[in-house]
Number of protein chains: 2
Amino acid sequence: MRILLIEDDQGLGSAVRDQIAADGHSPDWVQTLAEAGDAERTTAYDLILLDLMLPDGAGLGFLRGLRARGSVTPVIILTARDRITERIEGLNAGADDYIVKPFDLAELSARIGAVARRYAGNPNPLIELGDLSIDLADRAVTGPQGRIDLSAREWAIFDALLARPGAILSKAQLEERLYSFNAEVESNTIEVYVSRLRKKLGAAVIETVRGMGYRLGQP
Amino acid sequence: MRILLIEDDQGLGSAVRDQIAADGHSPDWVQTLAEAGDAERTTAYDLILLDLMLPDGAGLGFLRGLRARGSVTPVIILTARDRITERIEGLNAGADDYIVKPFDLAELSARIGAVARRYAGNPNPLIELGDLSIDLADRAVTGPQGRIDLSAREWAIFDALLARPGAILSKAQLEERLYSFNAEVESNTIEVYVSRLRKKLGAAVIETVRGMGYRLGQP
DNA sequence: AGGAAGCTGACAGCAGGCTGAACGTCGCGG
DNA sequence: CCGCGACGTTCAGCCTGCTGTCAGCTTCCT
């Protein structure tokens, strides 16, 4: 499942992101509502985790805007224990569930799992890309010759590109996806993995936009 | 599906009963273990919902007795959030799944639906995997040399993989299946069980996807 | 043509995974 | 009540193959 995490706190944010990843989902972590808006508009998320206390405005407005645009993406709000009014307003604004901070990570997993199970009945959406067939939930890529195995890093990059078809992702953005800390300087790791992906999946799968980054190829 | 609900609390019991009925199943609600024993012996249930906190003795004993008599009826246990030990003992005693109280009724429906779906392929859903033949209802695996016995934990992991053929399940996901709390750091329990399963069932049964998790092998 | 950006084959190091063995625990039968 | 056996868990040492770096090459733009 693709999950958007909107949380400004560094420690909590990274912990939650890691937990989501460990559960086999694909987290995108943003720290402001501005970024959240961008991410939400360009990517089809299966679930949004929204902290209601953010620096650049109330998360409630974001949630209302989302619902006003007709989005039905499940939203779980994160709220402090003493903010009961906020919680109720959140549910009224269209949140599906809430978690009170501080919360246990296992608790979070359970709630996310509940959402995942709700989707479990539906058939897995298969993404078709040229002669490739990708199952996000299963993390499986199938080509004309059968299944293609990707390593963890390869999948992370491919998954990031799949999330925003047509969008250009910079090397820095992709790097951020691979490493929690973006201290990576002077390394061509991303290029290496793009190269490996092309070798496995076909050269057309990933397009290079010189000076800008990479983009999913059009089949 | 005929469902036996063992729950002493009036409010919760009736709510759950109504929910089950609303889902199109047939609930029998009893409030004591004595009644439960009578009901279970006289009726063939497809599923048992068992609260572990009951007035006339621990529900665990009931569950053990049930399994000792050779019953393979699926059992979902209801347990309080802080009773982790109890939950683990429940799974050890042969429970198929657990739900943490307080729970959402939709969550309950989802779990029941999962069980229903699992046993939908009546009478005996036999899964073929290479030269293995797996009977989900009986928890029995048969190989070329005859029946292979799996312990509770071994089965739990194998079952989780069987439920999603081709999908990659992370260690965290499998761990969650065993304990429900993933505060587990620094433990290679999953690896050990995978190792044992491979020894019993053949190395090809479970594939390792380095850095991501495990996947059912393709025969 | 020249430089910058990107590509890719090779390779060493190491994190992650495997597994035999030992230990603790629990339920059951005597 | 006690011992036995099965099961679950931890530990340590080994092994595998992913990962990241480098160097030399190609491609693209001015």
Side-chain angles (χ1 to χ4, degrees), chain A residues 21-22 148-158 168-172 174-175 177-215 217, chain B residues 58 60-69 84-94 139 148-158 168-172 174-175 177-179 181-215 217:
Chain A
I148 302 172
D149 286 318
L150 298 184
S151 79
R153 295 283 199 266
E154 288 162 0
W155 175 263
I157 290 186
F158 190 43
I168 298 175
L169 295 186
S170 72
K171 277 195 251 192
L174 291 172
E175 227 156 51
R177 182 104 183 171
L178 294 191
Y179 316 97
S180 317
F181 50 94
N182 30 8
E184 288 292 314
V185 278
E186 205 73 25
S187 161
N188 68 341
T189 316
I190 301 298
E191 291 166 25
V192 171
Y193 279 109
V194 167
S195 169
R196 285 177 184 162
L197 278 170
R198 282 177 178 151
K199 197 195 261 180
K200 284 187 177 181
L201 306 177
V205 162
I206 300 177
E207 291 177 3
T208 303
V209 185
R210 215 179 162 77
M212 312 270 316
Y214 297 96
R215 175 172 56 190
Chain B
L60 267 178
F62 175 80
L63 178 52
R64 287 209 183 90
L66 196 70
R67 294 294 183 232
R69 288 206 307 282
I84 296 175
T85 327
E86 197 179 70
R87 207 177 310 161
I88 293 176
E89 282 175 10
L91 291 172
N92 280 339
R139 301 192 159 203
I148 304 172
D149 285 320
L150 297 184
S151 78
R153 295 283 200 272
E154 286 164 359
W155 177 262
I157 290 185
F158 190 43
I168 297 176
L169 297 183
S170 72
K171 276 200 262 195
L174 293 173
E175 225 158 52
R177 180 96 178 181
L178 295 189
Y179 312 106
F181 61 97
N182 26 12
E184 286 293 312
V185 276
E186 206 80 23
S187 164
N188 67 342
T189 316
I190 302 296
E191 292 164 27
V192 172
Y193 281 112
V194 168
S195 172
R196 286 183 184 168
L197 278 170
R198 291 212 258 241
K199 200 193 270 181
K200 283 186 177 180
L201 306 177
V205 162
I206 300 176
E207 294 177 2
T208 302
V209 186
R210 207 163 232 265
M212 298 208 280
Y214 297 94
R215 176 174 55 193

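Fair warning: this is a prediction, and the values are worked out from it, not measured in the lab.
Taking atom CD1 of residue A:Ile190 and atom P of nucleotide D:dT21, one finds them 11 Å apart after rounding to whole Å. Between the CG atom of A:Asp149 and the P atom of D:dT19 there is a distance of 13 Å, given to the nearest Å. One interatomic measurement links the two molecules: CG of A:Leu197 to C1' of C:dC7, which rounds to 14 Å at whole-angstrom precision. Rounded to a whole Å, the CD1 atom of B:Ile148 is 17 Å from the P atom of D:dA6. The NZ-P distance, from A:Lys200 to C:dT8, rounds to 15 Å in whole Å. The distance from atom CD1 of A:Ile157 to atom P of C:dG6 is 14 Å, rounded to the nearest whole Å. Spacing between atom CD1 of A:Ile168 and atom P of C:dG6 amounts to 12 Å, rounded to whole angstrom units.
Considering only side-chain N and O atoms, A:Thr189 lies under 4.0 angstrom from the phosphate OP1 or OP2 of D:dT21.
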Show the numbers, then the answer: is there a side chain to side chain contact (heavy atoms under 4.5 Å, CB included) between B:Ile168 and B:Tyr214? CA-CA 5 Å; B:Ile168 297 176; B:Tyr214 297 94; over 6 Å; no
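Proximity of A:Leu150 to A:Tyr193: side-chain heavy atoms (C-beta onward) are nowhere separated by under 4.5 Å.
For B:Arg153, the side chain to side chain donor-acceptor pair (under 3.5 Å) partners at least two apart in sequence or on another chain are B:Asn92. Under the rule for a side chain to side chain contact (heavy atoms under 4.5 Å, CB included), the partners of B:Ala93 that lie at least two apart in sequence or sit in another chain are B:Leu60, B:Leu63, B:Arg64. With sequence neighbours excluded, the residues satisfying side chain to side chain contact (heavy atoms under 4.5 Å, CB included) with B:Ser170 are B:Ala172, B:Gln173.
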Please produce a list of atom pairs where a protein N or O lies less than 3.5 Å from an N or O of nucleotides 15-19 of chain C.
from, atom 1, to, atom 2, distance (Å)
C:dG16, N2, B:Arg210, NH2, 2.9
C:dG16, N3, B:Arg210, NH2, 3.1
C:dG17, OP1, B:Gly211, N, 3.3
C:dG17, OP2, B:Lys171, NZ, 2.8
C:dC18, OP1, B:Arg198, NH2, 2.3
C:dC18, OP1, B:Thr208, OG1, 2.4
C:dC18, OP2, B:Tyr214, OH, 2.6
C:dT19, OP2, B:Ser195, OG, 3.2
C:dT19, O4, B:Asn188, ND2, 2.8

Between N or O atoms, less than 3.5 Å apart, protein on one side and nucleotides 24-30 of chain C on the other: list the pairs.
from, atom 1, to, atom 2, distance (Å)
C:dG27, OP1, B:Arg64, NH2, 2.7

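Note on the helix from C:dA1-D:dT30 to C:dG30-D:dC1: angle between the axes of the first and last five pairs equals 30°, rounded to 10 degrees.
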Under 3.5 Å donor-acceptor pairs involving side-chain atoms of residues 201-213 of chain B, not counting sequence neighbours:
from, atom 1, to, atom 2, distance (Å)
B:Glu207, OE1, A:Arg147, NH2, 3.1
B:Glu207, OE1, B:Arg215, NE, 3.2
B:Glu207, OE1, B:Arg215, NH2, 3.1
B:Thr208, OG1, B:Arg198, NH1, 3.4
B:Thr208, OG1, B:Arg198, NH2, 3.2

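Panel note: side chain A:Lys200, backbone A:Asp149; a donor-acceptor pair is recorded below 3.5 Å. Looking only at distances, no side-chain donor or acceptor of A:Glu191 sits under 3.5 Å from a matching main-chain atom of A:Asn188.
Atoms CD and CD1, on A:Glu175 and A:Ile190 in that order, are 5.0 Å from each other to the nearest 0.5 Å. The CD atom of A:Glu154 sits 11.0 Å away from the CZ atom of A:Phe158 when rounded to the nearest 0.5 Å. Rounding to the nearest 0.5 angstrom, the gap separating the CZ atom in B:Arg196 from the CD1 atom in B:Ile157 is 10.5 Å.
Sequence order on DNA chain D of the closest nucleotides to A:Arg153 and B:Glu154 puts B:Glu154 first from the 5' end.
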